[in-house]
Amino acid sequence: MVEDRASIAGLGYEQVRPGMVRPELDGKKVWLYGWAHEIRDLGSLFFIVLRSWDGICQVTFSRSTLEKVYLEALDSLTRESVVRVWGTVRVAPQSRLGVEVKGEGIEIVARAVEKLPYDVTGKVSASMTTRLNYRVLDLRKPVNTSIFLIADTVFEAIREFLRVQGFIEVRTPKIIATATEGGAALFKVDYFGKSAYLAQSPQLYKEELVTVFERVFEIAPYFRAEASHTRRHVSEFTSVDIEAAFMNYEDVMRVLEEMVAYVIKRVVEDRRRELELLGVSLRPPKTPFKRITYDQALKDLEELGHHKSWGGDLETPDLRHLAKKYTGFYFITHFPTAIKPFYIQPDSMNPQVSESFDLMYQWLELASGGTRISDPALLRRRLEEQGLNPESFKHHVEVYSYGMPFHAGWGLGFERLLMVITRLTNIREVILYPRDRFRLTP
RNA sequence: GCCUGGGUAGUAUAGCCAGGUCUAGUAUCGGCGGCUGUCGCCCGCCGGACCCGGGUUCAAAUCCCGGCCCAGGCGCCA
């Protein structure tokens, strides 16, 4: 009888993962851990579909050749229980997977309750609320696991790309003293009796850091207390930010489009199985991306029969209309200075517009950025024009007097990029534990 | 902040508009039994639900009012 890990090892059994069981292993003696994804009891034959994050495999038991303890284990097995099984890999033309493990023994490592609140096999659909309430069970569904395996590749590819470009990864504070940019509503926290806020962006810190490292990037969570309730807003999201000295908006746009193209190329290469599970056929986009100015966007809207007067921000309905003309990735540049944050550089020829851009995918805004103001006097003036108190930005403005190079940068919504890659339409699906206006748990 | 839609077994739904054989149907699920090639296994039996409170009515899952909870959209933004 094969009872424990040591004796299995002694008998020449090797540990494999469920996703590793392939026809090439035919005849090999293996043992593996996994979750009982599906159980099919045919009487004398007993099938378990064993699942882990990297895949599934079928384990087949023949009752007549099994010892009593293992028969008892089979009879008490519940879906989603963690089991350890051992046996021999064999090519199985009768099985859809083409290969299976002929089980010789099984041990229940951690038993799951009989009545699960959620169907991991997906036979019955679940609402978004139910999915998020039982998020770990939802995440075990191979299609959902895939999203986060892709996310892992996206993280890796972003870091790799930016490091090669000479960017240094930094971490800036997420608890801050003042509202950094105005605009977005912030979460107030008690900070030893003082008022503090959760950061809405690393903007001011990353600009200061270019005076040290020249090129910095940060991937971090940010917080917005906006009461938005849409499929593309959450109160805690991940932003990929860069800031670079001696670059202008055009330089950082190139960094952005090349990075996006590289990330998608890596996902296509490294996550074929996951893309297939999601039913997504993905192709790396061609660069450079299309660029249109804000003025051009207004003209296009006019042509599409939607008049919009100059100076206002492009609103959701406008962007939906534009998406009819511009498919895939494209940039909108030169927004009116008045509707951009105080730190954005006005165009030197025409200060009414700014050296700014948004990266769009159809009507979804993925990133925004631009050349930043580096002149302290101009920065002070812009703060006042936007109705902000220069006194509360004292420490920040000060830095501009100590040798501030011209610089530019952007912030990219990580989850929104992930939505584009996975073709999912609700941002909550691409966040492990999303936080929105009405959800704080799990 | 504003607007719209919705809450029926563990899950997903039918029923609601046109109140009455709804003792609330179906699928999945769970329990028991059967089955040697299942793979969304199959077959038989069993189990389990109308969000909360008030009102209208002979009669409420269904109509009305209030509450709670949820989904989506807008503004704003990533």
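Residue numbers start from 1 in every chain, and the chains themselves are labelled A, B, ... in the order their sequence lines are given, proteins ahead of strands. Bear in mind the structure is a predicted one, so any value in this text is a computation, not a measurement.
Contact annotation for A:Ser228: base contact, defined as any heavy-atom pair under 4.0 Å involving a base atom. Counting any heavy atom pair closer than 4.0 Å across all strands shown, A:Ala367 reaches sugar-phosphate atoms only and no base atom. Backbone-only engagement by A:Glu38 is indicated by non-hydrogen atom pairs under 4.0 Å involving sugar-phosphate atoms exclusively. Here A:Ser368 lies in heavy-atom contact (under 4.0 Å) with sugar-phosphate atoms only. Residue A:Arg232 is classed as a base contact, given a heavy-atom separation below 4.0 Å to a base. Nucleic acid contact class of A:Glu236 (heavy atoms, under 4.0 Å, all strands): none. If you check every strand for non-hydrogen atoms under 4.0 Å, A:Ile427 touches a base. No contact: A:Ser62 has no heavy atom under 4.0 Å from any strand. Counting any heavy atom pair closer than 4.0 Å across all strands shown, A:Val49 reaches no nucleic acid atom. Residue contacts for A:Asn426: at a heavy-atom cut-off of 4.0 Å it reaches the sugar-phosphate backbone alone, with no base atom in range. Residue-level contact check: A:Arg131 touches neither bases nor backbone, having no heavy atom under 4.0 Å from any strand. Contacts of A:Phe438 with the nucleic acid, taken as non-hydrogen atoms under 4.0 Å apart, involve only primed sugar atoms and P, OP1 or OP2. Note on A:Ser95: a base of the nucleic acid sits closer than 4.0 angstrom, heavy atoms only.
Nearest nucleotide to the side chain of A:Leu42, out of B:A71, B:G37, B:G10: B:G37. Nearest to the side-chain atoms of A:Thr316 among the listed nucleotides B:U36, B:C76, B:C41 stands B:C76. Nearest nucleotide to the A:Phe47 side chain, out of B:U38, B:C74, B:A71: B:U38. Proximity note for A:Arg231 (side chain, C-beta onward) versus B:U28, B:G72, B:A71: the nearest is B:G72. Considering only the side chain of A:Asp41, B:C35 comes nearest among B:C77, B:G37, B:C35. Side chain of A:Val124, nearest nucleotide from B:A71, B:A27, B:C77: B:A27.
Atom P of nucleotide B:A78 and atom CZ of A:Arg428 are separated by 18 Å, given to the nearest angstrom. If you take CG of A:Leu314 and C1' of B:C76, they are 14 Å apart, rounded to a whole angstrom. Going from atom CZ of A:Phe217 over to atom P of B:A78 covers 20 Å, rounded to whole Å. In this structure, A:Arg90 atom CZ and B:G37 atom P are separated by 13 Å, rounded to whole Å. In this structure, A:Asp138 atom CG and B:A12 atom P are separated by 11 Å, rounded to whole Å. For A:Asp358 and B:A78, the CG to C1' distance is 10 Å, given to the nearest whole Å. Nucleotide B:C77 holds its C1' atom 12 Å from the CD1 atom of A:Ile339, rounded to whole Å. The distance between atom CZ of A:Phe46 and atom C1' of B:G34, rounded to the nearest whole Å, is 15 Å.
Of the N and O atoms on the side chains of A:Ser239 and A:Asp241, at least one donor lies less than 3.5 Å from an acceptor on the other residue.
Between the side chain of A:Arg416 and the base of B:C77, at least one donor-acceptor pair of N or O atoms lies under 3.5 Å. A donor and an acceptor atom never sit less than 3.5 Å apart when one is taken from the side chain of A:Glu226 and the other from the base of B:G1.
Surrounding NZ of A:Lys28 are at most 12 heavy atoms belonging to other residues, nucleotides or ligands under 6.0 Å away. Within a 6.0 Å sphere centred on NZ of A:Lys299, other residues, nucleotides and ligands contribute 12 heavy atoms or fewer.
With values rounded to the nearest 0.5 angstrom, A:Tyr222 atom OH is found 7.0 Å from A:Ser201 atom OG.
The side chain of A:Arg224 places no N or O atom within less than 4.0 Å of a non-bridging phosphate oxygen (OP1 or OP2) of B:C76. Close to B:A12, at under 4.0 Å from its OP1 or OP2, lies a side-chain N or O of A:Thr130. The phosphate of B:A12 has OP1 or OP2 within less than 4.0 Å of a side-chain N or O from A:Ser127. For A:Lys123 and B:A27, the shortest distance from a side-chain N or O to OP1 or OP2 is not below 4.0 Å. The phosphate of B:G40 has neither OP1 nor OP2 within less than 4.0 Å of any side-chain N or O from A:Lys141. For the OP1/OP2 pair of B:A71 and a distance below 4.0 Å, the side-chain nitrogens and oxygens of A:His229 include at least one atom meeting the criterion. Dashed line: the shortest gap from a side-chain N or O of A:Arg40 to OP1 or OP2 of B:C42 is not under 4.0 Å. For the pair A:Ser44 and B:U36, the criterion of a side-chain N or O lying under 4.0 Å from OP1 or OP2 is met.
Nucleotide B:C32: paired with B:G44 (Watson-Crick or G-U wobble, both distances less than 3.5 Å). Nucleotide B:G75 forms a pair with no other nucleotide shown, judged by Watson-Crick or G-U wobble geometry with both contacts under 3.5 Å. In a base pair of the Watson-Crick type (N1 to N3 plus N6-O4 or O6-N4) or a G-U wobble (N1-O2 and O6-N3), with each distance short of 3.5 Å, B:U23 is matched with no nucleotide. The partner of B:A61 is absent, by the rule that a Watson-Crick or G-U pair needs both atom distances under 3.5 Å.
A:Arg79 and A:Asp119 are joined by a salt bridge, as a carboxylate oxygen and a charged side-chain nitrogen come within less than 4.0 angstrom of each other. A salt bridge between A:Glu315 and A:Lys308 is present, with a side-chain N of the basic residue lying under 4.0 Å from a carboxylate O of the acidic one. Using a cutoff of 4.0 Å between basic side-chain nitrogens and carboxylate oxygens, A:Arg439 and A:Asp436 are not scored as salt-bridged.
Rounded to whole Å, the separation between the P atoms of B:U8 and B:G55 comes to 24 Å. A distance of about 32 Å separates the C1' atoms of B:G25 and B:G66, rounded to the whole Å. B:U11 and B:C76 have their P atoms separated by 38 Å, with the value rounded to a whole Å. B:C16 and B:C64 have their P atoms separated by 14 Å, given to the nearest Å. Atom name P, nucleotides B:U62 and B:U57: the rounded distance is 16 Å, in whole Å. Remark: the separation of the P atoms in B:G19 and B:A59 is 15 Å, to the nearest Å. Here the separation of B:G30 from B:C51, taken at their P atoms, is 25 Å to the nearest Å. Atom name P, nucleotides B:G31 and B:C50: the rounded distance is 23 Å, in whole Å.
In this pair, A:Tyr118 does not lay its aromatic ring on the base of B:G10; centres under 5.5 Å and planes under 30 degrees do not both hold.
The residue among A:Ser125 and A:Ser239 whose nearest nucleotide of RNA chain B lies closer to the 5′ end is A:Ser125. Between A:Gln58 and A:Glu365, the residue anchored nearer the 5' end of RNA chain B, judged by the nucleotide with its closest heavy atom, is A:Gln58.
Between A:Phe414 and A:Phe155, the two ring planes are parallel [angle under 30°; tilted spans 30° to 60°]. Between A:Phe329 and A:Phe289, the two ring planes are parallel [angle under 30°; tilted spans 30° to 60°].
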For this session: Output, in order, the C-alpha distance, side-chain angles, deciding distance and verdict of side-chain contact (heavy atoms from CB on, under 4.5 Å) for A:Phe331 and A:Asp358.
Result: CA-CA 6 Å; A:Phe331 285 109; A:Asp358 279 3; over 6 Å; no
